[in-house]
Participant: 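If you scroll down you'll find the structure; I have some questions about it.
Below, chains carry the letters A, B, ... as their sequence lines are ordered, and counting in each starts from 1. Heavy-atom basis, side chains included; hydrogens, waters and symmetry copies ignored.
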Amino acid sequence: MLWACILLPQLAMDGVLRHRSDADAPLALLGGSPQRRVLQAVNPAARALGLRPGQSLTAAQALTRTFATADYDVAAIERWQRFLAAWAYAFSAQVSLHYPRCLLLEVQSSLRLFGPWPHFEARLRAELTGLGFRHRITAAPTPAAARVLANAYDGLTIPDSALLHETLGRLPVERLGLPREVAAALTRMGLHSLSQLLALPRDSLARRFSADVLAHLDTLLGNRPLALDFYRPPDVFDARIELNFEVESHQALLFPLRRLTADLAAYLAGRDCGVQHFTLYLEHRNQTASRMPVGLLSAEREAAMLFELPRGRLEYLQLPAPVLAIRLEALELPAFTPEHRQLFDERPQQSLSWEQLRERLRTRLGDNAVQSLGARADHRPEHAWVEQPTELSLPPCGPRPGWLLAEPLSLRESSLRILAGPERIESGWWDGGDVRRDYYVVETRAGQRGWAFRKVGDGGPLLLHGWFA
Amino acid sequence: MSDYAELHCLSNFSFQRGASSARELFERAARLGYHALAITDECTLAGIVRAWQASKGTGLPLIVGSEVRIVDGPKLVLLVENLAGYQALCRLITQARRRAEKGCYRLLREDFDEPLDGLLAIWLPEGDIRHVPWLRGRFPERLWLGIGLHRGADDTARLRQLLELAEDHRLPAVACGDVHMHARGRRALQDCMTAIRHHLPITEAGAYLFPNGERHLRRREELVELHPSELLAETLRIARRCSFDLSQLDYQYPHEVVPAGHNATSWLRELVERGAQWRWPKGVPEKAWAQIEHELALIAELRYESYFLTVYDIVHWARGQAILCQGRGSAANSTVCFTLGITELDPMRSDSRLLFERFLSRERNEPPDIDVDFEHERREEVIQYVFHRYGRGRAALTAVVSTYHAAGAVRDVAKALGLPPDQVNSLADCCGRWSNQVPSAERLVEAGFDADTPLLRRVLALTGELIGFPRHLSQHPGGFVISEHPLETLVPVENATMAGRTVIQWDKDDLDLVGLLKVDVLALGMLSALRRCFALIERYRGAQWTLATLPPGDTATYEMISRADTIGVFQIESRAQMAMLPRLRPRTFYDLVIQVAIVRPGPIQGDMVHPYLRRRNKEEPVEYPSEELKPVFERTLGVPLFQEQVMELAIVAADYTPGEADELRRSMAAWKRHGGLEPHRQRLTSRMLAKGYTEEFTSRIFRQIEGFGSYGFPESHAASFALLTYASCWLKCHEPAAYACALVNSWPMGFYSPDQVLQDARRHGIEVRPVDVRYSDWDCGLEPTGTVQPAIRLGLRMIRGLHEVDGRRIEEASQQGPFADIEDLCRRASLDARARERLADAGALHGLTGHRYQARWAVAGIEPQLPLFAGLAAPQEAPVDLPLPSVGEDLLADYATLGTTLGPHPLELLRGQLKAQRCRNSRELVGIAHGRPVSIAGLVIGRQRPQTASGVIFVTLEDEFGLVNVVVWHDLAERQRRVLVQSQMLRIDGHLEAADGVRHVIAGRLTDLTPLLTGLDVRSRDFQ
């Protein structure tokens, strides 16, 4: 067996740099508490300025101000590791994420496909470099040894265990992958390399260190197997139905669509997840497929709804050519939180649920024509609502009109009756839109009730800002 | 026009609510012609003394009150009618505060079951009419319904409803403004404080913001427009009833300090007479008697006997516990305090030149001030004694009002305005640590901000308003108020953060104004070191020294001081002090008093240091600005150095009355927080110019006054400190081993690390012996050498990470008999693995097992003994072959585990390489002439950026022979910032400056030599 270890020493930084156009500008990733920000990773340009991981941001800024910062995102690191595992899966069926920031590949079995190891390794390096990830690669008969060697070497291949013993023996104890306190204890006994350690009587070592330490050394040397979990590619839904004949009408597409969406619903239910975006491909002869993305406002998995949406859209789609096959692809399957429903919830036969109505409206009028509304805690009427549902508590306030005008209109009518007011509103200095107004509830001659204001200290005419129902 | 009194008004002592200071509120209310102003901060009287001051300043009557919210009850404004009402209010607030966490309160309905006479209540209805019957029962004929109209949705309807409510319950209604700021212009600040209070960005705080800016002190026309005149007239009826004034408070000293059969006067006299016999066993000098009589007469006239007796009581108790202490402050330098044992400074000493009158004067209405320093490790015992002796109800700590500095203000404001955390941090970094100034535009640009964006302009404007505002109450480190009657009849008491402590709601300045006396029980590390040193000497030599008996005027000691050989002594150990010593060359005690006071912001900012030095060295004639100032400045050669001299100057040269001078003193201490020096500038300048003083002199004096503000350092304190300085110097000079040992045992304290103290001792020829479980106690100790000076045996306390309990057990076990081997040690001292490893790594087991590596191997092999096999020998192990640590490895391990090394100094190991690089050592500097180029290398043990020096950084290097002072000018520091900040070991190429025995290397180029000693743990005091 030959195991390759691909160590990704700058995974976090490389993941961030991939998305930056100015990858050569100094950049530091920050972690730690808001009070004490600490540099977690720096790119080479930042390193050249003297910045080091572990420095506090304050100390770093004492050195230089000319560097950019971004968040050190632990979740992103794991994401990138999985991303690379998916990449490595193409080269080996046994890819393990056993160690953080590192990939283990069983490569012996792949040598026939990808050529002798030096070629294989070169290809891995070329692709990683192309993807923008710095790396160190070592290979050894055991996965643990490959991992430990990557601490000290890059490009080293140890084909057999005799050479492995010799090479590991020279490694300093700090690099052996032992817990830090064990390595420190060994150093403080004057034991600096593995060979020194192995020269000692085993029972004397066993008396002084926990069983894990000897077990780890045995694993390294191949005297004990390492139990690995292997990577499995993530779930996606991708199903395709070939039609028996060339379909030109929308109607005829509904049946296969209903099957696909029902399959999707079943698949989602089986995995206890939902779908928020999926794509339908309508395949034509000699032409690129027509692509129809479908997006929902939240993750769903009910078959009827999954069908209803693309159905509505399908009707508007201009088919450029007859359809030969239909394919549904859902790449992201987020977790699904079912809505709480009463057991005996009444749902009249013919009525649509609110969700269905909402989605149907969106389908008919366009995605942006239907929005959720929410309230915002702001005393200024024009800032007191947003196009998103919110859960903020609101300030107690007086009566507000149901219809707020987009722009206040000046009220020229002379026979206005003032019903209430002035209600003074002075707020909003923080965004440059400070208002100082006295609001009145007014009644027109026609009996309409309006909401009008005048700037504080301004004798001008009232400006109408809204109508009460 | 209708008269009006505002009865519901918050000041900025309703933290994060009130957006104006009492002064601003009173000034505006007076300008608007209000009849009276109530300050009703929420469940607190912390701001009431300041309000009282503002009231006296403007002539507008103050009504004392408080806004409170009762748990499961209504919201009320309580107003104080008379003294009984004031006491009831103090009690309510105390009860509410004591049962809640610091900063919060819980006022319960049952708190109102006790008498509430003299307390008026305004009910602020919030739809809770069910409380009315209960309220009527508690406040018969003293309950009103408060109506606040703030141009809300429908004030007309609201007013009608409230009036109906009042009618229904037959309650009189009264207008009250719920004032949160003095003027509408504070609306933004008030909104911002609301956001800060709720920890929300302002864009999300809308639910908590007021809809408009009406909650300010409105013009009376506006009020008339909104309210029926009856509501306004009612405010006056209430205001007329509230006749209470804080001057009616009657503070009395505790009675315990006077035994039965005596009164305070006779008892003080008796104690002083006894003390005089004790201080002068060979007969009290005539002069001393005369002085005592004089002082006692003055004390009796000012009725301060009980104060002196209270301080005596504490000091007397501490002395009984063998806790070393030393008083300082205006009254401390009296003969009375000397005889009472409060201070050790003999006022009869010919070289003290101190006069009691200078500190306690009949005309100046200044309370006596005695701060007592105790050993820092035992101060808590003293504090608990005071609580115990007088009881919780009668003794409490003073509060300190924490105010917003620039950094904190900009941080809170920027966060409230939604800046991201990293930008908030960098904005705060743009402010100096204690700065009270909005960061400058240049500083902001340097940090990458554009000061002209609207957002940043808003941040800076609000920051400017917020700076100086009170933020919260914290406890004074040791200021006690002790009273005959329960304190809660004088001032509310609340919980401190530390368990077992209570704090009154007033700070030191407030106490002065109300006439409460405070005793400061402070902690001082040097006293711990001195007491330890005396004990070490007594044990080693049998000689008993005390602060008072050390021989004064010792030439060898002053020689040592003049050489700036002062590492580890009190006050004159810092780099700036050391640079001054060879120029000032102190010869007498009073020289030390000056030395202690001169290297401080006051004299430095006033440009007083160099004139003094020149005059002292006879390089310029001693002159006086005028003949009348000669007596004031004679003792400091015509140069004003002390805070007291500035006050005397104000009296002599600017015709201040003693009262005005006292006001100046107060303003000096407080101007950074409250401002208020401007009137003095005008008064002083105009009067002095009129009397013929030069403009240059007056402005210099004024800069100095401002400098005193931040670190006021009066002569009276300097004198007490100088005594400790002399004592520490004498001990360092004559008992260097004991002194270094005591310092190390008292660490953390002072300016230097144990490593530096021990290196210094070794340079002075003291032998230092390693930590060894066979001989070391927990503390460092002295061992005979056959010469005059004993050797220092390092104690187990030096071992990093070793717990004191483990160390003490080893100490105990070794006193039972020597350890046979390491098993024996571990068993008898019951050491766990952690302690064993620490001992092994530190080399403390060398005598039992051999070198570190062997020790670590051996202790790791010790297995826990099971009771069944107790006494059985452990199975024998084959010996193993472990390498020998190299010198370098030992050095690294020494620093890592002990923080010091007894082996060669790191620089000694590197000297060969450094010599090849043509680096000199610190000893060779003496032979190099002023102005010559020089290269030098050393460990960086200090980097300082003094606030008084613009941009220059002082670096202290240490090599095997001593310290080298390096000056890095601003430009170089900027150019080589990285090397300067990061290096642990530096090479400096530059040139030497030498004058008056002071040597500096002026850096021209810095080179980082840290790689030479990778891993060495040298702790540098960075920019402190």
Participant: Quick one: closest heavy-atom pair of B:A207 and A:A377, and the distance?
Facilitator: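 The pair with the smallest heavy-atom distance is N-CB, 3.3 Å.
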Participant: Where do B:W857 and A:S204 come nearest, in terms of heavy atoms and distance?
Facilitator: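 Closest approach of B:W857 to A:S204: CZ2-CB, 3.7 Å.
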Participant: A:I425 versus chain B, heavy atoms under 4.5 Å apart: side chain, backbone, both or neither?
Facilitator: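 Both the backbone and the side chain of A:I425 come within 4.5 Å of chain B.
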Participant: What part of A:R436 gets within 4.5 angstrom of chain B, counting heavy atoms only: side chain, backbone, both, or neither?
Facilitator: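 For A:R436, the side chain is the part near chain B, not the backbone.
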Participant: Check whether B:Q854 gets within reach of chain A through its side chain, its backbone, both or neither, counting any heavy atom under 4.5 Å.
Facilitator: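 It is neither, since no heavy atom gets under 4.5 Å.
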Participant: Tell me whether A:H379 contacts the main-chain N or O of B:N212 through its side chain, where contact means a donor paired with an acceptor under 3.5 Å.
Facilitator: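 No.
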Participant: May I ask you to decide whether A:D434 forms a salt bridge with B:R187, counting only side-chain N to carboxylate O separations under 4.0 Å?
Facilitator: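 Answer for the salt bridge query: yes.
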Participant: Sort A:A199 into side chain, backbone, both or neither according to what part of it lies under 4.5 angstrom from a heavy atom of chain B.
Facilitator: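 It is neither, since no heavy atom gets under 4.5 Å.
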Participant: Could you tabulate the donor-acceptor pairs under 3.5 Å formed by side-chain atoms of residues 447-454 of chain A, not counting sequence neighbours?
Facilitator:
unit_1: A:R454; atom_1: NE; unit_2: A:G460; atom_2: O; d: 2.9

Participant: I need the B:D429 CG to A:L57 CG distance, nearest 0.5 Å.
Facilitator: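 B:D429 CG to A:L57 CG: 7.5 Å, rounded to 0.5 Å.
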Participant: Under a 4.5 Å heavy-atom cut-off, does chain A meet the side chain of B:N425, its backbone, both or neither?
Facilitator: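 B:N425 touches chain A through side-chain heavy atoms alone.
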Participant: Run A:S427 and B:F210 through side chain to side chain contact (heavy atoms under 4.5 Å, CB included) and show every step you take.
Facilitator: CA-CA 8 Å; A:S427 202; B:F210 290 126; over 6 Å; no
Participant: Could you go through the salt bridge (charged side-chain N to carboxylate O under 4.0 Å, His left out) check for A:R424 and B:D155 one step at a time?
Facilitator: CA-CA 10 Å; A:R424 182 164 291 182; B:D155 275 359; over 6 Å; no
Participant: Under 4.5 Å heavy-atom distance to chain B, tell me which part of A:H192 shows up: side chain, backbone, both or neither.
Facilitator: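 For A:H192, side-chain heavy atoms alone lie under 4.5 Å from chain B.
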Participant: Taking side chain as everything from C-beta outward and backbone as N, CA, C, O, which of these in A:T66 sits under 4.5 Å from a heavy atom of chain B? Side chain, backbone, both or neither.
Facilitator: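 Contact with chain B is absent: no heavy atom of A:T66 under 4.5 Å.
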Participant: Measure A:Q55 against the heavy atoms of chain B and call it side chain, backbone, both or neither at under 4.5 Å.
Facilitator: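 Side chain of A:Q55 only, per the 4.5 Å heavy-atom cut-off to chain B.
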Participant: What distance do B:Y853 atom OH and A:L186 atom CG have between them, rounded to the nearest 0.5 Å?
Facilitator: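 Interatomic distance, B:Y853 OH to A:L186 CG, rounded to 0.5 Å: 11.5 Å.
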Participant: Please classify the contact between A:P422 and chain B as side chain, backbone, both or neither, with a heavy-atom cut-off of under 4.5 Å.
Facilitator: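 A:P422 touches chain B through backbone and side-chain heavy atoms alike.
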Participant: To the nearest 0.5 Å, tell me how far A:R207 CZ sits from B:I862 CD1.
Facilitator: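 If I round to the nearest 0.5 Å, the distance is 8.5 Å.
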Participant: Using side chain to side chain contact (heavy atoms under 4.5 Å, CB included), reason through A:L191 and B:L882 one step at a time and then give a plain yes or no.
Facilitator: CA-CA 7 Å; A:L191 301 169; B:L882 296 170; 3.8 Å; yes
Participant: With a 4.5 angstrom heavy-atom cut-off, is it the side chain or the backbone of B:R411 that approaches chain A, or both, or neither?
Facilitator: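 It is neither, since no heavy atom gets under 4.5 Å.
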Participant: Apply side-chain hydrogen bond (donor to acceptor under 3.5 Å, both in side chains) to B:D191 and A:W429, showing your working.
Facilitator: CA-CA 9 Å; B:D191 282 347; A:W429 50 270; 2.9 Å; yes
Participant: Looking at A:R37, A:H383, A:R437, A:E426, which makes the most heavy-atom pairs under 4.5 Å with chain B?
Facilitator: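 Max contact count across the listed options: A:E426.
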Participant: Taking only residues at least two apart or on different chains, which pairs with a member in residues 46-56 of chain A satisfy salt bridge (Lys or Arg N to Asp or Glu O under 4.0 Å)?
Facilitator: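 Output for this query is empty, none listed.
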Participant: Side chain, backbone, both or neither: which part of B:L462 has an atom under 4.5 Å from a heavy atom of chain A?
Facilitator: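 The side chain, not the backbone.
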Participant: Heavy atoms only: give me the nearest B:A860-A:M189 pair and the separation to one decimal.
Facilitator: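 Looking at all heavy atoms of both residues, the shortest contact is CB-CE, 3.4 Å.
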Participant: Test your reading of the model: is there a side-chain donor-acceptor pair from A:D378 to the backbone of B:G206, 3.5 Å cut-off?
Facilitator: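 The answer is no, because no donor-acceptor pair under 3.5 Å joins these two groups.
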Participant: Select one option (side chain, backbone, both, neither) describing which atoms of A:R188 are under 4.5 Å from chain B's heavy atoms.
Facilitator: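 Both parts, heavy atoms under 4.5 Å.
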Participant: Looking only at heavy atoms, which of residues 209-217 of chain A get nearer than 4.5 Å to chain B?
Facilitator: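 Interface residues of residues 209-217 of chain A: none, nothing closer than 4.5 Å to chain B.
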Participant: Is it true that a side-chain atom of A:E423 and a backbone atom of B:G152 form a donor plus acceptor pair closer than 3.5 Å?
Facilitator: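 No, A:E423 side chain to B:G152 backbone: no donor-acceptor pair under 3.5 Å.
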Participant: Any salt bridge (Lys or Arg N to Asp or Glu O under 4.0 Å) involving residues 850-861 of chain B? Give me the pairs, sequence neighbours left out, ordered by first then second residue.
Facilitator: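 Of all non-adjacent pairs touching residues 850-861 of chain B, those that pass salt bridge (Lys or Arg N to Asp or Glu O under 4.0 Å) are B:E837-B:R856, B:D841-B:R856, B:R852-B:D890, B:R852-B:D894.
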Participant: Taking A:L49, A:L200, A:V456, A:V435 one by one, which has the highest count of heavy-atom pairs under 4.5 Å against chain B?
Facilitator: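 Answer, by heavy-atom pair count under 4.5 Å with chain B: A:L49.
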